[in-house]
Amino acid sequence: MTLIRNTKSIKAEDGIVTVNGWAQDIRNLGGISFLTLRDRFGTVQVTMPKKKIEPGLFEMLTTLSRESAVSVTGEVKASNQTALGFEIIPMSAEVVSEAAVPLPMGVVDKVNVEMDTRLNHRFMDIRKPEIKAIFELKSIMFELIGEACRENGFVQVSTPKINSSGAEGGATLFKVDYFGRDAYLAQSPQLYKQILMSTGLDRVFEMSPAFRAENSNTNRHVTEFVSFDGEMSWISSEEEVMSMIEKIVDHVLKGIRERGAEQLAVLGKDIGIPAVPYPRLTYEECLEMVREGGLDIKDGDDLGTEGEKIVGDRMSSKGFDLYFICEYPEDAKPFYIMEKDGTPYSYSFDLDYRGQEISSGGQREHRIDRLVARMQKKGLDPKDFEFYLEAFRYGMPSHGGWGIGTERLLVKMLDLPNIREAILFPRDVSRLSP
Ligand code: ATP
Ligand code: MG
């Protein structure tokens, strides 16, 4: 007897096998019954000719509630009636855990279920092959990111998520009570990955949760996401950072296409691989496109969701899905970004994917007096950042880096309608459970 972990791996000549899974569908035609058993990888048909099956077993398998967890042992028989070319004739079975009736939502029903209902019963939602595939692809994406970073000499690090100050602006900080003191959930590893540049760990990356108190309901913001951050030392311009991201994203896209072929097929999707290098637009060029598109944006203002979309449509029409937007006004960028002297701009960039920002990055200000001046200009008190500033006083290399929202990358790659589709248990303004 062989224990099968993957229904896809069963062969007609396997003999007697045990298969574990969920009872997806049961059809009782009187003289013969069929049970469709689903595991992570697919489904297999358990065929029960009434006369040939022990009555107790027949009764048990034909009265199972849908989605019960079962273990079936039986003989594999060739069959030209099934898609796989074989079926299983059961000899014994165990109901591991029976599913209550009715189900909170169907797994294979072709009815449209609201996203809220799906998220409320997410364990059931993820039983659907096309939902499960997204998370298998996410796992492959993480593997590919790690691979590309290591190939390029990056060290994987973990930095604290409970902190005494934030880096990305006060409005999106989550305050927590830390034994009577105020603490904040990390919005990004920004300050720590920069401190690490002064340690000699000259290239670091991190993939970990970032928390943003985004008090708005959009299809691309959540309050907790997995941020992929990189930081590299001794750079001479932000261009070096951009070409590193390009290399990594290209590796991810190609790898997903290859290693995720099975999951992409389940989703009925293919992904395009944009040619490297990705175009570099300047903020000013984008501003012009946005204004031509009929949107009135003031000099120095953020392009905004609508603006980004206009640029995205323009770039897509020219065949470019991924492109950098460079030289943002320094005013629009955080304190740690380096200003472009004698201009209102900065050595910063965003990477946009079909009209949506997936990454921000740039060259950082490594000269302490300039850094402190920028903090003050932004209304921040350098005293709150002393632990960070100290690392700039004793030999800080020039450096730069990026933060990529991994779920935004996945959502754009797979053309999903909402960032929540790429998060197992999303957190947003109104959702804290499951
Ligand atoms: P946006 O303007 O789209 O709100 P941002 O400029 O505030 O994003 P950054 O601080 O630049 O975001 O963060 C780096 C990356 O992290 C973003 O490019 C995005 O991919 C991701 N990210 C930021 N905020 C969120 C969020 N609330 N939910 C999911 N991903 C996010
Ligand atoms: Mg940004």
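Order of listing sets the numbers, starting from 1, for every ligand and every atom in it.
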Look at [atom] and say which protein heavy atom is nearest, naming residue and atom and giving the distance to 0.1 Å.
atom	value
atom 2 (O) of ligand 1	Glu357 OE1, 3.6 Å
atom 19 (C) of ligand 1	Arg408 NH1, 3.6 Å
atom 22 (N) of ligand 1	Phe225 CZ, 3.4 Å
atom 26 (C) of ligand 1	Val222 O, 3.5 Å

Going by side chain to side chain donor-acceptor pair (under 3.5 Å), name the residues that satisfy it together with Ser198, two or more places apart in sequence or in a different chain.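 Side chain to side chain donor-acceptor pair (under 3.5 Å) check on Ser198 returns nothing, list empty.
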What about [X]: any of its N or O atoms under 3.5 Å from an N or O on ligand 1?
X	answer
Ile419	no
Asp302	no
Gly405	yes

Contact between [X] and ligand 1, counting heavy atoms under 4.0 Å?
X	answer
Arg212	yes
Gln356	no
Ser227	no

Where on His221 is there a heavy atom closer than 4.0 Å to ligand 1, on the side chain, on the backbone, on both, or on neither?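 The part of His221 near ligand 1 is both the backbone and the side chain.
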Tell me which part of Ile358 gets within contact of ligand 1: side chain, backbone, both or neither, using heavy atoms under 4.0 Å.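 Just the backbone.
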Heavy-atom contacts with [X] under 4.0 Å: which atoms of ligand 1 show up? List them by number with element.
X	answer
Ser360	11 (O), 18 (O)
Glu214	24 (N), 27 (N)
Ser359	18 (O)
Arg220	28 (N), 29 (C)
Gly403	14 (C), 15 (C)

Among side-chain atoms of [X] and [Y], is any donor-acceptor pair under 3.5 angstrom?
X	Y	answer
Gln24	Arg127	no
Glu168	Ser188	yes
Tyr345	Glu284	yes
Thr305	Arg220	yes
Ser208	Glu206	yes

Search all heavy atoms of [X] against all heavy atoms of [Y] and return the closest pair with its distance.
X	Y	answer
Pro417	Asn219	O-ND2, 3.4 Å
Tyr192	Pro160	CZ-CG, 3.8 Å
Leu35	Ala23	CD1-CB, 3.7 Å

Quick one: salt bridge (charged side-chain N to carboxylate O under 4.0 Å, His left out) partners of Glu285, sequence neighbours excluded?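 Checked Glu285 against salt bridge (charged side-chain N to carboxylate O under 4.0 Å, His left out); zero matches.
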Could you tell me which residues satisfy salt bridge (charged side-chain N to carboxylate O under 4.0 Å, His left out) with Lys383, sequence neighbours excluded, listed by chain and number?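 Salt bridge (charged side-chain N to carboxylate O under 4.0 Å, His left out) list for Lys383, sorted by chain: Asp381.
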Go through the steps for Tyr336 and Gln194 under the test side chain to side chain donor-acceptor pair (under 3.5 Å), then give the verdict. CA-CA 9 Å; Tyr336 49 78; Gln194 285 193 260; over 6 Å; no
Under 6.0 Å between ring centres: does that hold for Tyr283 and Tyr328?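 Under 6.0 Å, so yes.
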Count, excluding waters, the protein N, O or S atoms that are closer to the Mg ion (ligand 2) than 2.8 Å.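 There are 2 of them.
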Ring-plane angle category for Phe392 and His399, please: parallel below 30°, perpendicular beyond 60°, tilted otherwise.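 Tilted: the ring planes of Phe392 and His399 meet at 30° to 60°.
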